[in-house]
Q: 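Dropping the structure in here first, questions after.
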Amino acid sequence: MFEARLHQSSFLLKILEAIKELLNEATFQCTQNGIQLQAMDTSHVSLISLFLSQGGFDNYKCDRNISLGINLSSMLKIMKCAGSDDILTIKNHEEPDSITFIFESQSYDKVSNYQLRLMNLEHEHLDIPETDYACVMKMPSSEFARIFKMLLQFGETVEISCSKEGVKFSTSGDLGSANIKLAPNNTTDSDKAVFIEIQEPVVATFAIRYLTLFAKATPLALRVRHI
Amino acid sequence: MFEARLHQSSFLLKILEAIKELLNEATFQCTQNGIQLQAMDTSHVSLISLFLSQGGFDNYKCDRNISLGINLSSMLKIMKCAGSDDILTIKNHEEPDSITFIFESQSYDKVSNYQLRLMNLEHEHLDIPETDYACVMKMPSSEFARIFKMLLQFGETVEISCSKEGVKFSTSGDLGSANIKLAPNNTTDSDKAVFIEIQEPVVATFAIRYLTLFAKATPLALRVRHI
Amino acid sequence: MFEARLHQSSFLLKILEAIKELLNEATFQCTQNGIQLQAMDTSHVSLISLFLSQGGFDNYKCDRNISLGINLSSMLKIMKCAGSDDILTIKNHEEPDSITFIFESQSYDKVSNYQLRLMNLEHEHLDIPETDYACVMKMPSSEFARIFKMLLQFGETVEISCSKEGVKFSTSGDLGSANIKLAPNNTTDSDKAVFIEIQEPVVATFAIRYLTLFAKATPLALRVRHI
């Protein structure tokens with residue numbers, strides 16, 4: 001028996017919006033500690049690892065481990081049915097092939113009940129190695145999203161070079177070239193803080209398309225760490 | 001000679017927006033009591049009956065009955081030309097084949113004058129029988145619109161079952177199933193009041209598409225009655 | 001060496017938005033007095049003449065005349081990369097085949113640097129004759145834009161007739177006909193002032209499509225003069 005209750009159902013909606021372009025379907029692994037999703041994106045380029053701790057729910061019960069194979073665009077359709085003040089309960093009781101989403105309205109005496117068919121997905125466990133990063137950078141996620149949206153107009157890959165002085169994002173294409181330089185600041189205003197911690201300078205090249213997709217998680221967190 | 005003057009021209013715009021997906025063209029019957037429109041939708045499934053009483057206009061003159069056959073999307077184009085504070089006059093003087101819409105601006109010394117060609121439409125008078133309803137329900141029109149918008153994602157037909165305890169809207173399809181239950185409340189706040197008056201329990205099935213189209217009249221009224 | 005600095009970079013963005021549907025590419029001629037653009041639109045129907053005086057920039061240096069052949073949609077892409085509070089510098093130093101746009105953020109320690117390839121465009125100088133106008137009319141540019149947006153629904157050409165009493169815009173088509181009359185007022189409120197100065201009555205016919213395109217300059221100026 002699995003049951004999780006969440007007052008702020010919009011949070012789950014934002015998560016789905018963030019991953020829907022990377023994954024079509026996914027296995028949510030529910031244990032007594034929380035809900036975990038680990039998957040490679042459809043082109044097997046990037047890794048998505050998500051953990052929703054049981055403590056983040058308003059109520060959480062899971063008396064045996066279960067794997068829920070879910071079509072994400074169907075789940076997104078259901079989550080969009082939630083009113084902004086609805087309380088969400090996700091349930092899987094004795095029904096092996098479906099999962100139930102219940103929305104309780106706080107402004108009406110209204111209960112909406114959506115049953116979603118589960119899918120049989122093959123699931124390989126991914127062992128994600130612990131990594132020591134040569135460079136850790138923190139910046140506002142909105143700025144992160146903005147930079148790659150700009151660069152996507154100019155090229156397909158971005159060279160990110162990071163040193164003590166700052167980080168430089170460079171790309172070029174048919175139009176010409178683009179370089180964006182961002183220096184660390186000592187702002188205590190967390191909306192604007194740019195922070196760089198570095199063992200040695202790093203230069204690496206990435207597909208801008210993927211960074212743009214990762215940036216879709218912007219509404220979820222104020223700050224992003226990378227490299 | 002027919003002439004009707006309306007200070008709040010946006011009201012007529014909202015009516016046209018509400019019926020334009022049900023009807024392509026319609027006959028407006030003008031009498032000294034007001035303007036009436038009665039028609040079956042283009043697929044002959046639903047019935048539209050609209051009456052604009054002469055008392056709702058700021059000025060109304062109609063000295064003989066006339067029938068105006070109008071292409072609704074053309075009339076909608078004209079109504080969209082009105083400024084938000086324009087005063088509308090609709091006129092049909094001695095011109096058998098056209099009708100004139102005049103918008104007078106209150107912020108400029110500006111008069112806009114649109115002549116629309118009339119159409120020769122066959123018109124059968126519909127005798128709408130008086131009906132006694134086994135169940136009368138009132139609910140906020142925004143909630144009515146919202147429910148069918150949700151259900152349209154899951155299926156094509158909705159089963160509505162109404163009892164003293166409340167009303168249940170159910171549908172199912174490839175994704176799974178959806179049930180929304182709404183109970184009557186005693187709220188005096190008319191924005192949220194749900195009211196059910198019942199002789200005997202009713203269960204009936206409808207095409208969700210039509211209920212969604214009817215819900216386009218939402219901006220016109222705060223509450224909807226049905227069954 | 002050419003260098004121009006502009007605190008309010010959004011101004012240049014609005015100019016590009018206004019001309020992008022008339023021109024695909026254009027030659028900007030930079031002299032010590034400012035930047036000039038003169039061109040016929042792609043169908044050789046209308047004439048665009050733009051002059052940005054050096055005094056309008058926060059800093060302006062141009063020690064020899066240069067012609068910059070620019071693809072406008074590429075330049076528009078770059079201008080859209082500017083943050084709302086960014087300071088723009090446009091530079092062309094010793095690079096014959098490219099121009100550099102630099103945006104300095106005022107909220108971050110961030111410098112964005114875009115290099116755009118120049119194009120080799122044939123450029124004929126247009127001698128625009130001085131004209132004495134029989135009728136000069138000033139009206140709010142938002143009203144100008146609004147009128148042609150309405151008329152475009154009804155026809156392809158507009159007859160504009162102007163006399164002491166006011167100006168009349170008329171068109172007709174399949175739907176019927178439309179006439180908009182606007183009288184001069186003595187409003188001192190410049191947002192609403194309509195002013196007509198006339199030597200003799202004027203009647204002229206224009207393609208509405210072009211007037212609609214000209215009206216895209218609406219965000220740039222409060223008032224428009226025409227005929």
Side-chain angles (χ1 to χ4, degrees), chain A residues 2-3 9-10 12-13 16-17 20 23-28 66 68-121, chain B residues 137-196 198 208 211-212 215 218 222-224 226:
Chain A
F2 167 73
E3 188 171 323
S9 63
S10 62
L12 199 54
L13 178 61
L16 289 175
E17 297 275 13
K20 72 169 178 191
L23 289 174
N24 296 330
E25 45 208 32
T27 302
F28 290 83
I66 52 164
L68 305 170
I70 291 184
N71 177 301
L72 294 181
S73 71
S74 302
M75 182 171 166
L76 194 59
K77 274 189 189 170
I78 291 177
M79 290 306 304
K80 282 185 177 165
C81 290
S84 56
D85 63 346
D86 284 3
I87 298 169
L88 165 66
T89 306
I90 305 175
K91 264 190 191 173
N92 177 272
H93 287 192
E94 320 295 318
E95 317 119 328
D97 64 347
S98 75
I99 181 169
T100 304
F101 296 82
I102 301 162
F103 299 108
E104 288 162 78
S105 168
Q106 292 185 67
S107 48
Y108 290 101
D109 189 352
K110 184 175 81 162
V111 178
S112 309
N113 188 307
Y114 299 95
Q115 267 195 311
L116 179 66
R117 275 193 237 300
L118 291 174
M119 309 176 75
N120 243 324
L121 300 176
Chain B
M137 176 173 177
K138 292 184 197 167
M139 62 187 290
S141 53
S142 58
E143 188 59 35
F144 182 83
R146 195 180 152 75
I147 286 173
F148 297 111
K149 195 181 147 205
M150 301 295 125
L151 295 181
L152 195 57
Q153 314 242 16
F154 292 87
E156 294 186 355
T157 58
V158 58
E159 189 191 84
I160 305 183
S161 47
C162 199
S163 69
K164 249 179 256 174
E165 285 70 39
V167 59
K168 190 171 87 172
F169 306 89
S170 308
T171 189
S172 63
D174 293 343
L175 287 191
S177 64
N179 290 287
I180 300 178
K181 274 181 247 174
L182 196 59
N185 54 27
N186 295 313
T187 314
T188 50
D189 176 356
S190 70
D191 275 21
K192 296 196 170 175
V194 174
F195 165 89
I196 295 178
I198 200 161
I208 299 177
L211 294 170
T212 314
T218 299
L222 201 57
R223 295 201 291 168
V224 66
H226 68 107

Q: Considering the options A/M75, A/Q115, A/R117, A/K77, which one meets the side chain to side chain contact (heavy atoms under 4.5 Å, CB included) requirement together with B/L175?
A: A/K77
Q: Crowded around B/E156 CD? As in, over 12 foreign heavy atoms under 6.0 Å?
A: no
Q: How long is the span from the CE atom in B/M150 to the OG atom in A/S112, to the nearest 0.5 Å?
A: 8.5 Å
Q: Please look at A/S98 and chain B and tell me whether the side chain, the backbone, both or neither of the residue comes under 4.5 angstrom of a heavy atom of that chain.
A: neither
Q: If I take atom CG from residue A/D109 and atom NZ from residue B/K181, how far apart are they, to the nearest 0.5 angstrom?
A: 10.5 Å
Q: Atom CD of B/Q153 and atom CG of A/L76: how far apart are they, to the nearest 0.5 Å?
A: 9.5 Å
Q: Please identify, among B/V194, B/I147, B/I180, B/D174, the residue contributing the most non-hydrogen atom pairs under 4.5 Å to chain A.
A: B/I180
Q: Drop me the distance from B/K192's NZ to A/S105's OG, to the nearest 0.5 angstrom.
A: 7.5 Å
Q: Side-chain contact, heavy-atom cut-off 4.5 Å: A/L116 with B/F154?
A: no
Q: Sort A/I102 into side chain, backbone, both or neither according to what part of it lies under 4.5 angstrom from a heavy atom of chain B.
A: neither
Q: Measure the SG-CZ distance between A/C81 and B/R146 for me, rounded to the nearest 0.5 Å.
A: 8.0 Å
